[in-house]
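The structure appears right after this line, and notes come after that.
Here the structure is a predicted model, which means the values were calculated and not measured.
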Amino acid sequence: MLSRAETNKAVELPIAVAGRPLTAIAAAAGIGAGLLSVVMRPGYDEFFWLAIARRVALGGTLYRDAIDNKIPVVYGLSWLLDRLPGPYVTARALLVGTAVGITTYMVARVAGRHASGTQPAMLAGAVAGYTLLLQNQLVYTTELIAVPLLLTSLLMAIRKRAVLAVLVAMFAAGFDPRALILLPGIVVLVWQQDGRAAGRQALAWTLVVTALGIGTVLAVPDLRFALVELNLASRPAPTGPLLLLFGFAAVRSILPVAMLLYLFRPVGMWFRLQAADWVLVGGSLLLGIASIQPFDHYWGYVLVPLPLILGTIPPVRLSRPRAWLLIVALIPMLALTLVVGIRRSETERKYLQVASSLETQLDMDQTFASVDDQPYLAAMLPEHNALLSPTLGYLVWVSSRQSEFLAELPFLLDSATVLVDDGILDAPRSAVIEVYRPVWDVFEEYAPDFACRARVGDISLHFRCIERDPHG
């Protein structure tokens, strides 16, 4: 076991990775990630957030007639990307590239604080950046934004900027409240690096800002409804073997991290870890495991304590074969990403065709109601969506407003011009998922009013039939 003196020496400051080469590596990683992101189409969540942002931009009220369960900053970011010049995917690529570049820089910077100017630290940063990118399927997610912010918070803590470290970490939690689980680790790190007074200051700021945030959510009815009720109601129970889900998530997200630790040969590493390292490791693993169902790709928080762990390892020489072995560990996620990208492109192309058809047939004041549970049309034609959310989820989630939403549904269908159906209206009631049956019953009751049918690919459009006057 290492002595206390050896332990302190192992985490010696200051941070000392050479700046210019590291900046070049981080910039290259960010540019490469941005270019990859350009060719990857937005996914389900991105289209959902974009639909909400566009609905609000048209005058809708968030959480009232633009219903979802995320913090407002998420939709604000989607709105900002949508407002920038050029296509949305180009603006998104700039964000993704920046997030990956910052992640690469921060991991290498912190990991190399004991191994001055080492190439392994830079390789570790690049692998961490691309692990985060690929496991999120080359798109922007709340986790993709929160992780580089948390790494920046670590850097602020190491540099003895206690208040700034806490504020940056709280901003990360603004994108993903799960990041609050890592706040104790940030506070302990400040305590270790800057002494008891700084630790108390960081703890006080953490408690005050957290209390203000929670108090605001509980005091504002719409925030309480969306961020508490809907989040609790929309968490599904496990639908598959947890061991299989865990293995799938591990291959996609933990394998490159495990390879990093193995290839760095961290002999005695666990004896060098201090309290903050253990708290952050425990919190990140808890987040990953808790996110397996239904989001088996949310393992990015495992990257947060990684630079602290690697920073305890003395300088090493990483041979070329080992470096290639590390890069090969990314291949399973890259292969999965390509499959996901192909499927996304096909799905988006299908709904683009439907949107083009509807756009030519609907007047400005006419609306559609989508029976399928996809957010694409609501994002493409937000001004024509008759429902209060991009999908039907808000109608089936158990909440204090569910009965109100179900009672309002017939009035929304009365005003709709067309029903968009992916085949569910033709299915027997027994084939419908039980929680959706009350909603299906309402649509089925109104279906005879939409008797004129057309097809665009495998999507059915049920229009209200307009009888022509034979004399006019």
>> Quick check for you: to the nearest 0.5 Å, what is the distance between Leu155 atom CG and Arg109 atom CZ?
In response: 7.5 Å
> To the nearest 0.5 Å, how far apart are CG in Leu230 and NZ in Lys70?
Replying inline: 11.5 Å
> Say you draw a straight line from CG of Leu362 to CG of Leu381; how long is it, rounded to the nearest 0.5 Å?
Replying inline: 7.5 Å
> Do Leu352 and Met380 come within less than 4.5 Å of each other through their side chains, counting heavy atoms only?
Replying inline: yes
>> Working to the nearest 0.5 angstrom, can you tell me the gap between Arg224 CZ and Thr216 OG1?
In response: 12.5 Å
> Hey, is OH on Tyr436 packed in by over 12 heavy atoms from elsewhere, all under 6.0 Å?
Replying inline: yes
> Taking the side chain as C-beta and beyond, is there a heavy-atom pair between Phe443 and Leu409 under 4.5 Å?
Replying inline: yes
>> Rounded to the nearest 0.5 Å, what separates atom CG in Leu133 from atom OG1 in Thr131?
In response: 9.5 Å
> Quick one: CG on Leu223 to CD on Glu229, what's the gap to the nearest 0.5 Å?
Replying inline: 12.0 Å
> Do Ser357 and Gln361 have side-chain atoms, one donor and one acceptor, less than 3.5 Å apart?
Replying inline: yes
>> With heavy-atom distances below 4.5 Å as the criterion, would you say the side chains of Leu167 and Ser153 are in contact?
In response: no
> So which pairs with a foot in residues 324-349 pass salt bridge (Lys or Arg N to Asp or Glu O under 4.0 Å), sequence neighbours left out?
Replying inline: Arg41-Glu348
> Does atom CZ of Arg455 have more than 12 heavy-atom neighbours from other groups under 6.0 Å away?
Replying inline: yes
> Hey, what's the ring geometry for Phe175 with Phe171, parallel, tilted or perpendicular (30° and 60° as the breaks)?
Replying inline: perpendicular
>> If you apply the rule side-chain contact (heavy atoms from CB on, under 4.5 Å), what do you find for Val228 with Val217, and how did you get there?
In response: CA-CA 8 Å; Val228 179; Val217 169; 3.9 Å; yes
> Does the side chain of Leu58 come within less than 4.5 Å of Pro382's, by heavy atoms?
Replying inline: yes
> Which residue pairs satisfy the salt bridge (Lys or Arg N to Asp or Glu O under 4.0 Å) criterion with at least one member in residues 395-410, sequence neighbours excluded?
Replying inline: Asp222-Arg401
>> Checking Ile459 against Lys350 for the side-chain contact (heavy atoms from CB on, under 4.5 Å) test, could you report, in this order, the C-alpha distance in whole Å, the side-chain angles of both residues, the deciding distance, and whether it holds?
In response: CA-CA 8 Å; Ile459 300 294; Lys350 175 175 72 174; 4.2 Å; yes
>> The test is side-chain contact (heavy atoms from CB on, under 4.5 Å); show your working for Leu182 and Leu287 and say whether it passes.
In response: CA-CA 9 Å; Leu182 299 179; Leu287 278 173; 4.0 Å; yes
>> Does any part of the side chain of Gln374, heavy atoms only, come nearer than 4.5 Å to the side chain of Thr391, both counted from C-beta?
In response: no
> After noting the C-alpha distance and the side-chain angles of Ser37 and Arg92, does the key distance pass the side-chain contact (heavy atoms from CB on, under 4.5 Å) rule?
Replying inline: CA-CA 8 Å; Ser37 181; Arg92 188 270 307 276; 2.9 Å; yes
> Could Arg178 and Asp176 be called an ion pair, given the rule that one side-chain N must be under 4.0 Å from one carboxylate O?
Replying inline: yes
> Is the closest side-chain donor-acceptor distance between Tyr88 and Ser78 under 3.5 Å?
Replying inline: no
> With Trp49, which of Leu77, Val74, Leu81 fulfils side-chain contact (heavy atoms from CB on, under 4.5 Å)?
Replying inline: Val74
>> Can a side-chain donor-acceptor contact be found between Asp68 and Tyr75 if the only test is distance below 3.5 angstrom?
In response: yes
> Any side-chain heavy-atom pair from Ile52 and Leu62 closer than 4.5 angstrom?
Replying inline: yes
>> Taking the side chain as everything from C-beta on, heavy atoms only, tell me whether Leu95 gets closer than 4.5 Å to Ile145.
In response: yes
> Looking only at atom types and distance, does a side-chain atom of Asn231 sit under 3.5 Å from a main-chain N or O of Asn69, one as donor and one as acceptor?
Replying inline: yes
>> I'd like to know if the side chain of Arg437 and the backbone of Val432 have a donor-acceptor N/O pair within less than 3.5 Å.
In response: yes
